[in-house]
2 protein chains.
Amino acid sequence: MLNYQPTPQMPLDMAFQALSDPTRRVMVERLSQGPASVSELARPLDMTLSAVVQHLAVLEASGLVRSEKVGRVRTCRIEPETLTAVERWVAERRATWERRFDRLGALLAETESKPRKRKS
Amino acid sequence: MLNYQPTPQMPLDMAFQALSDPTRRVMVERLSQGPASVSELARPLDMTLSAVVQHLAVLEASGLVRSEKVGRVRTCRIEPETLTAVERWVAERRATWERRFDRLGALLAETESKPRKRKS
DNA sequence: TTGATACTTAAGTGAATGCTTAACTATCAG
DNA sequence: CTGATAGTTAAGCATTCACTTAAGTATCAA
């Protein structure tokens, strides 16, 4: 972690970036309830199919979504692994500050129950 | 969720966006182990203080970080709520596709153990 | 074969990002 | 008061983004 420089695109960058767009989150929401074609994904969205395809490309590049074409329809589905990696990163941060929070609580409880050795 | 249009910046947008930058993630990582001043945050980063301040502004706008100035030093700390909201969104998607996955598994198990009523 | 469907790709545009430099403004220590 | 410290703010710049329009290309159905 020391002196980390924002080198190329690491996986988490792309995943968070992909999820930062509400349109793409709607797409992920849809796909988490099951596979869908591109036009199915596009239906509730207020933009051209072309734009949706571009959003899909971002989702695929990030590894959040995978798709394959059969005939003329492309079927998309979520790639759980990547979403899990995102969840894990957040969970790790939380674990860290919760640990600290607990230590702090314990410390406070201690200095309050036996307040000897105080200088003031 | 139907016909949702990417109107103004909603909280999750800003949080995911903020986390999509590796520099900012390093800052959040640092802050999850405890409060820090701006220059402390800047120390491991290979960029000007000015840039760090700008990253900090993004983190604050997203609600991931809060800060207050005492004297000439600004102390920053994470705002757990927002990070939790991010975690929750991901967890909800996972819950959804896991539920579906389970149903699918159950269905497969059933058609395999008692394969009567098949048409082929 | 002829439409219609389901994408695909390229080019263009305005706005947002991630920096930098440069010039300031407040503390605090001696 | 006078530096040094700690941060702030504005302007500029190259890139990336989220679209759009427009012009394709493969299927599939009749």
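The chains referred to below are lettered A, B, ... by the order of the sequence lines, with proteins before strands, and numbering in each begins at 1. What you see below is based on every heavy atom in this structure, not just the backbone, and it leaves out hydrogens, waters and symmetry mates. Bear in mind the structure is a predicted one, so any value in this text is a computation, not a measurement.
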Starting at [atom1] of [X] and ending at [atom2] of [N], how long is that distance when rounded to a whole Å?
X     : N      : atom1 : atom2 : value
B:R74 : C:dT25 : CZ    : P     : 18 Å
B:K69 : C:dC28 : NZ    : P     : 10 Å
A:R24 : D:dA18 : CZ    : C1'   : 8 Å
A:L59 : D:dC17 : CG    : C1'   : 14 Å
A:L49 : D:dT21 : CG    : P     : 13 Å
A:D21 : D:dC17 : CG    : P     : 11 Å
B:L41 : D:dT8  : CG    : P     : 11 Å
B:E68 : C:dA26 : CD    : P     : 20 Å

Mapping A:G71 and B:Q54 onto DNA chain D by nearest heavy atom, which one lands closer to the 5' end?
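Upstream on the strand: B:Q54.
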
Under-4.0 Å side-chain N/O to phosphate OP1/OP2 contact, [X] with [N]:
X     : N      : answer
B:Q17 : C:dT17 : yes
A:R72 : D:dT25 : no
A:T48 : D:dC19 : no

Please determine, for the side chain of A:T23, which listed nucleotide (C:dC19, D:dC19, D:dT9) has the closest atom?
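Selected nucleotide (nearest to the side chain): D:dC19.
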
A:H55 side-chain proximity, nearest of D:dT8, D:dC19, C:dC7
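That would be D:dC19.
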
Flag this pair as yes if the NZ/CZ of A:R94 is under 6.0 angstrom from the six-membered ring centre of A:W97 and inside a 45 degree cone about the axis; otherwise no.
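A:R94 over A:W97 ring: no.
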
Evaluate whether atom CD of A:E81 has more than 12 neighbouring non-hydrogen atoms of other residues, nucleotides or ligands under 6.0 angstrom away.
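Not more than 12 within 6.0 Å, no.
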
Backbone N or O of A:G63 within a donor-acceptor pair of the A:T82 side chain at under 3.5 Å?
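It does hold such a pair.
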
Can you confirm whether the side chains of B:S50 and B:Q54 place a donor and an acceptor under 3.5 Å from each other?
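There is such a pair (donor and acceptor under 3.5 Å, judged by atom type) between the side chains of B:S50 and B:Q54.
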
Check: A:E29/B:W89 side-chain N/O donor and acceptor closer than 3.5 Å
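Result is yes, a qualifying pair exists.
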
Would you say the base of C:dT21 and the side-chain of B:S50 have a donor-acceptor pair closer than 3.5 Å?
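For B:S50, whose side chain was compared with the base of C:dT21, there is a donor-acceptor pair (under 3.5 Å).
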
Base, sugar-phosphate, or nothing: which does A:S39 touch, judged by heavy atoms less than 4.0 Å apart?
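Here A:S39 touches the backbone only, sparing every base.
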
